[in-house]
Structures are given as C-alpha cells and as structure tokens.
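Presented below is the structure to which this report refers.
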Protein chains: 2
Amino acid sequence: MHATKQISVDRHDLAILAELQRDGHITNSALGEKVHLSTSQVGRRVQRLQDAGVIDHFAAVLDPMAIGLGVMAFVQVVLGRHGDVQGEQFERAVADMPEVLECFAVTGEADYMVRIVAQDLAAFSTFMMNHLLRVPGVTNVKSNIAIKKIKQLNVLPLDHVTQPNPSKQKIYFTPA
Amino acid sequence: MHATKQISVDRHDLAILAELQRDGHITNSALGEKVHLSTSQVGRRVQRLQDAGVIDHFAAVLDPMAIGLGVMAFVQVVLGRHGDVQGEQFERAVADMPEVLECFAVTGEADYMVRIVAQDLAAFSTFMMNHLLRVPGVTNVKSNIAIKKIKQLNVLPLDHVTQPNPSKQKIYFTPA
DNA sequence: TGTGAAAAAAACACGTG
DNA sequence: CACGTGTTTTTTTCACA
C-alpha cells in the first residue's frame, strides 16, 4: 500500500502537495501552471511522492451532514487497570466499530481518545450505551460533543519544512 | 464551493461513495465493475453527488510522518468567562494557526477541542507556550498527546443509510 | 528534462427503451 | 426520462532526444 523509501522534498514538491491536498483531481498541467513547472515535471514528482509514501492515497471527502451524520464527538476512555489484555481487547473492539472514526492511545488522564460520528444525539447515546460502554474494561468515559465547527482541515501544514533560505534547499526525511 | 440541494441516495450511490473514500483516483469504468454499473452511470452519479455536496471535494491524503509531523495532540481549552468576545477572539486565532488542524466548540468541561500537529514534542511545547496559551482568555488547557494510533479513518460510515429492505429503496436527505 | 506519440479516460451528444 | 452506446476531447503514460 504505502512504499516507504527515503526521499528529498523541495519547495516545488511542497507547492504540489499543498495544492493536491485541496484538490486531488487537478490535472498535471493545471497544477504545473500553479507551481510554475512543466506537466511532465509535475507528473513525475507526484508519482515519486506517491511511491515514497508521502502521498498515502487519494480520496473523496464527504460532507457528514449530507449523509445524515449530524453528531461528532470526542470521547475520552479510561480503562480499568487489569493488565494489557484489556487494552488489546478495547483496541480490537473499536477497530470494528464504523462509528469510531479515530482512536488514539494518549497521554494524560485518559487512556484513549476516540472520535465518533453518529446520526443524531439519540443514535450517539444508543451507541455509547450498547457498544462502547459494554466493551470489557471500560471504566470511565468523558464525552465532548461538537456543537460548532470552528475549523476542520484534512490539510496538513507544510510550513515547517519551508526554509527562510529560498532557492535550491532540500529537506530529507527518513520515514521509518 | 459546495452546492447543497436535495438528493436521493440509493444503495448504488453508497457503494460508489464507499469506494471513492478509499480511492479517489479510481476510474469510472473500474468503479463500475465493482458496483455493477455502467461507466456512464457511474460518471453521472459521481457528478450528481458532487453537485449535491455529498462529495465535498477530492484530496490527496498525506502521511504526517513522511512530512516530518511526528506529534499529534488533542487539546481541551477552557476560556475565562468574560463574554462572547473572547470566544470570537479565540476562534479567529486558531483559524490562523496551521498547526491547528481542527477546532470544535464542544459540550462538557472544556469549551473547545483542538487537534494539533507538530514536528516533535519540543515543537508542540513551543507552539503551546508561544501561541495557544497566549491567546487572550485561554484559562486552562488539557493536552492529550497521541502515543499510538489504533485507528484512523477519513472514511465516514455509510451503514446507517443502508436498509434491511434491499431492493429499490431510496433515502432522502435535506442538507441545510 | 522537455517533447511528441500512443493509450486511456472523461466529457459530450445521440439514439433507444 | 433514464440508460447505454459511440464519438470527441482531454489527460495520462511512455519512449525518445
């Protein structure tokens, strides 16, 4: 799926990545005009970025509202301390729940941060009662339900790579 | 940007959406084979879904690690209670911070849930000190730093739309 | 690395049920 | 009026200079 090899990313690549995050269906020639590169250059670079795993994949971004998902919530989960078995059990459980978009083991008071989507508050409540809270080991949960979206970017920042030194600077990463 | 009109979504559309969430660069004919539809059908449906705003846009999904973003954190922010001015001020501030991928006003103990990415812990710490904590009104923050990714889907679930009744069922949404 | 040819895919218009 | 078919245009891919 994602081939990870060492790669050098210059400012042209960054410009390409920035644009491709906003519009994954832009043609190579149109992209070339934006970043002042030839069509073939763009084509080769995009291919390289994909092969290197910098671009994981392309995807359609859906509007949750439009498919009837009106509720999004962040749920902090605390597990009882009874060994690692519960951790694995919990992780396997959430992996199978389509309502769970994301799950991270985190530092802080909670063990896991889980992002959940549901049709409405009733559906969310039902899901919590019948599924998440029933996973063995789940001791305590705190739900933060989104009531207003201030900002939502699927777009990763690329500024930190950009250098004050403008010209032929290249930055090297060694992913894994 | 997104034209929102009423639309009927049947099970074929759902199959298309599911696939397009996984691979936004699949061709209409390849998609047609998967969902047992003709190429022209797929083309028309995808166009319709875009026009209706169900598909917001297409995008390249990058690997955070590959571009040097090793830290992701969920930060709960509590604002001091001094009127709505602070809320607006905070919301405008985070909107301009590229490290902030997401920000939601939420229910619960915190006022906002903010998702942040950074190069490493040092960069995250610096960002918190020099930027987020300096936004006027920010009284208290709780950071949960991701230490292990259990699951991360940009893919919204579509099951809730699917009906036990299989055949020509159509589901109607009225977005906004 | 750019250029041009070949292949593929998307967009479009048409005829048919 | 929705659907498939065929045509045209665009875009990608590939070989070569």
Side-chain angles (χ1 to χ4, degrees), chain A residues 1-3 5-62 166-172, chain B residues 1-3 5-62 161 163 165-173:
Chain A
M1 193 107 253
H2 65 137
K5 70 168 193 185
Q6 194 170 16
I7 192 183
S8 69
V9 177
D10 64 13
R11 66 193 170 90
H12 294 302
D13 291 316
L14 292 177
I16 289 172
L17 289 173
E19 188 56 36
L20 245 32
Q21 284 192 107
R22 296 204 304 105
D23 180 8
H25 266 185
I26 190 173
T27 65
N28 288 340
S29 58
L31 222 177
E33 286 203 12
K34 288 216 175 199
V35 302
H36 308 294
L37 245 49
S38 69
T39 305
S40 55
Q41 272 278 38
V42 172
R44 286 186 232 261
R45 282 170 183 267
V46 171
Q47 190 60 53
R48 247 185 72 244
L49 291 166
Q50 271 188 277
D51 293 342
V54 177
I55 298 175
D56 188 77
H57 67 286
F58 289 89
V61 179
L62 308 190
S167 54
K168 58 180 163 55
Q169 184 101 21
K170 296 207 176 194
I171 303 94
Y172 290 81
Chain B
M1 193 113 254
H2 64 138
K5 70 167 193 185
Q6 196 170 16
I7 191 183
S8 69
V9 177
D10 64 13
R11 66 194 171 90
H12 294 300
D13 291 316
L14 292 177
I16 289 172
L17 290 172
E19 188 56 35
L20 246 31
Q21 284 193 107
R22 297 204 302 108
D23 179 8
H25 267 186
I26 190 174
T27 64
N28 287 340
S29 59
L31 222 177
E33 286 204 11
K34 289 216 175 201
V35 302
H36 310 293
L37 245 50
S38 72
T39 305
S40 56
Q41 272 279 37
V42 172
R44 285 187 235 260
R45 281 169 185 267
V46 171
Q47 189 60 53
R48 248 185 72 240
L49 291 166
Q50 270 188 277
D51 293 343
V54 177
I55 297 176
D56 187 77
H57 67 286
F58 289 89
V61 179
L62 308 189
V161 187
Q163 303 295 330
N165 189 334
S167 53
K168 56 179 167 52
Q169 184 99 22
K170 296 207 175 193
I171 302 91
Y172 289 81
F173 300 110

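Fair warning: this is a prediction, and the values are worked out from it, not measured in the lab. Order of the sequence lines fixes the chain letters, A, B, ..., with proteins taken first and strands second; residue numbering starts at 1 for each chain.
The closest donor-acceptor contact from the side chain of A:H12 to the backbone of A:V42 lies at 3.5 Å or more, if one exists at all. Not a single donor-acceptor pair under 3.5 Å links the side chain of A:R22 to the backbone N or O of B:H57.
Atom CD in B:Q47 sits roughly 12 Å away from atom P in C:dA10 (whole-Å rounding). If you measure from atom CG of B:N28 to atom C1' of D:dC3, you get 15 Å, rounded to the nearest angstrom. Distance A:H36 NE2 to C:dT1 C1': 19 Å, rounded to the nearest Å. Note: CG (B:L31) to P (C:dA8) measures 19 Å, nearest angstrom. Atom pair B:Q50:CD and C:dA10:P shows a separation of 12 Å (rounding to whole Å applied). Taking atom CG of residue B:D23 and atom P of nucleotide C:dA9, one finds them 12 Å apart after rounding to whole Å. Between the CZ atom of B:R48 and the C1' atom of C:dA11 there is a distance of 18 Å, given to the nearest Å. Here the P atom of nucleotide D:dT12 and the CZ atom of A:F58 are 10 Å apart, to the nearest Å.
The listed nucleotides are D:dT11, D:dG4, C:dT1; the one nearest the side chain of B:R44 is D:dG4. Checking D:dT12, D:dC3, C:dA10 against every side-chain atom of B:Q41, the shortest atom distance belongs to D:dC3. Closest approach to the B:T27 side chain among C:dA10, D:dG4, D:dT11 is made by C:dA10 (side chain taken as heavy atoms from C-beta onward).
You'll find the side chain of A:I55 stays beyond 4.5 Å of the side chain of B:V61, heavy atoms only. Residues B:Q47 and B:R44 fail the side-chain proximity criterion, which asks for heavy atoms closer than 4.5 Å.
As judged by a 4.0 angstrom heavy-atom cut-off over every strand, A:S38 is placed among residues touching the sugar-phosphate backbone only.
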